[in-house]
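Contents: one structure, followed by commentary.
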Amino acid sequence: MKRTFYSELVSTSLDGELISDACCEKILSSPEIELLPLLDSAYQIRKTYFQNTVQLHILNNAQNGNCPEDCHYCVQAKTATTDIDSYPLKPQSEVLAEAERAYQSGAYRYCIVMSGRGPSPKRVTQLADLIQAVKTKYPIEVCLSVGLIDEPAARTLKEAGLDRLNHNLNTSESHYPKICTTHTYQDRMDTLHAAQSAGLACCSGVIVGMGEENRDLIRVAKELRKLEVASIPVNFFLPIDGTQLEDTSSLTPDYCLRVLCLFRFINPSAEIRVAAGREHHLRGMEVMSLYPANSMFLEGYLNATGKESSRTLQMITDAGFVIETNGDISEHLQQTQIGQEGVLLKELEVLRPRMGSKT
Ligand code: SF4
């Protein structure tokens with residue numbers, strides 16, 4: 001009986017059909033559905049599209065803090081009292097130097113992340129100049145996370161050479177007012193549609209554990225499927241002192257893994273990334289996340305330490321997965337894996353996406 005449930009999940013997903021909401025609920029919370037066969041089923045789908053490869057990503061913030069929005073989960077929100085390092089947009093020379101380091105390290109994609117509601121027309125022009133400068137100097141993909149944008153802005157950025165826009169949906173439409181009041185879910189959808197109309201690939205994901213119900217996660221997973229996003233970061237919420245959601249935390253490793261499986265069954269060919277919170281919430285079961293997911297942030301995200309990066313790389317290879325790199329970076333990764341603690345991989349956004357994956 002259970003075997004039928006698991007094999008039907010695999011065939012439904014691989015046949016391109018949508019899994020029912022009742023089935024999704026079972027995946028997330030039925031004690032009859034065991035974790036190991038569920039992970040095995042998700043892995044069969046992941047293997048079809050990505051074999052046993054793992055893509056690694058590292059974020060670089062070009063602007064941090066002082067945001068006028070009130071996203072309840074974010075330390076950069078105007079309502080947060082967390083002590084953080086705030087700085088305005090880095091000068092072009094600094095961003096170019098980072099892009100050069102990324103390129104010389106063999107990175108496939110350089111990702112520029114900025115705090116704020118969204119860029120002014122003047123800031124869009126500055127960013128377009130910046131992107132054009134990076135693209136002119138280095139044959140590297142550029143991804144930008146910049147808040148809300150409209151179609152003209154998206155076109156300007158696309159014409160400047162931008163390859164991909166990151167803009168997370170974060171949660172379902174009905175739960176959205178509980179995590180932010182200064183912009184809406186529809187604002188976020190509009191940004192994704194604007195980016196797609198301008199020809200930009202989209203990366204959009206979720207934050208799990210912000211007081212939502214199973215049905216919210218199911219809805220957003222299905223919304224991302226409709227949007228056909230290339231890449232889905234799945235973050236596990238870390239309650240941080242000073243944010244409005246500082247007391248929210250109810251995740252278990254078992255539940256986090258079930259969420260990753262759910263996203264794989266619903267979005268079989270998308271790059272699914274285990275993002276923030278994996279170390280804290282998955283704990284000793286962290287490596288199991290690679291059975292449904294094919295992509296990972298190195299820990300720290302903005303301030304990765306060499307020791308932790310080495311641990312992550314070791315974990316991936318110990319489990320028999322292959323880190324997807326371009327040639328230049330493999331030696332660096334090898335050196336890191338053999339114990340060079342203190343190696344900082346911050347400049348690497350990594351890596352050549354799999355053939356057939358959307359970028
Ligand atoms: S818009 Fe971005 S930077 Fe600003 S509070 Fe929300 S998540 Fe944080």
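Because the structure is predicted, anything quoted here is derived from the model rather than measured. Start at 1 and go down the list; that is how both ligands and their atoms are numbered.
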Have Asp70 and Thr181 got a donor and an acceptor in their side chains that come within less than 3.5 Å?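 Indeed, the side chains of Asp70 and Thr181 share at least one donor-acceptor pair under 3.5 Å.
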
Looking only at the side chains, is there a donor atom on one of Asp187 and Thr184 sitting less than 3.5 Å from an acceptor on the other?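 Their side chains do contain a donor-acceptor pair, which is all the 3.5 Å distance test asks for.
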
Numbering the atoms of ligand 1 from 1, which are under 4.0 Å from a heavy atom of Ser115?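 Selected atoms, number and element: 3 (S).
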
Which of the numbered atoms in ligand 1 are under 4.0 angstrom from any heavy atom belonging to Tyr73?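 Under 4.0 Å from Tyr73, ligand 1 has these atoms: 7 (S).
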
Between Ala77 and ligand 1, find which residue part has any heavy-atom pair under 4.0 Å and reply side chain, backbone, both or neither.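 Near ligand 1, Ala77 shows its backbone as well as its side chain.
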
Among Arg273, Arg264, Gln51, which one satisfies side chain to side chain contact (heavy atoms under 4.5 Å, CB included) with Asn294?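 Passing option: Arg264.
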
Yes or no on side chain to side chain contact (heavy atoms under 4.5 Å, CB included) for Val54 and Val322, after CA distance, side-chain angles and deciding distance? CA-CA 6 Å; Val54 177; Val322 175; over 6 Å; no

Is any N, O or S atom of Cys71 under 2.8 Å away from atom 6 (Fe) of ligand 1?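 It does; at least one qualifying atom falls short of 2.8 Å.
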
Could you report the tightest heavy-atom contact between His72 and Lys178, atom names first, then the distance?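 For His72 versus Lys178, the nearest heavy atoms are CD2-O, 3.1 Å.
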
Starting from atom 4 (Fe) of ligand 1, which protein heavy atom do you reach first, and at what distance in Å?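 For this ligand atom, the closest protein heavy atom is Cys67 SG, 2.2 Å.
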
Distance from atom 8 (Fe) of ligand 1 to nearest protein heavy atom, with residue and atom: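 The answer is Cys74 SG, 2.4 Å.
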
Run down the list Cys180, Gly116, Ser145 and name the one with the heavy atom closest to atom 3 (S) of ligand 1.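 Heavy atom nearest to atom 3 (S) of ligand 1 belongs to Gly116.
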
Relative to the ring of Tyr291, is the ring of Phe321 parallel (under 30°), tilted (30 to 60°) or perpendicular (over 60°)?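 The arrangement is perpendicular - the two ring planes meet at more than 60°.
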
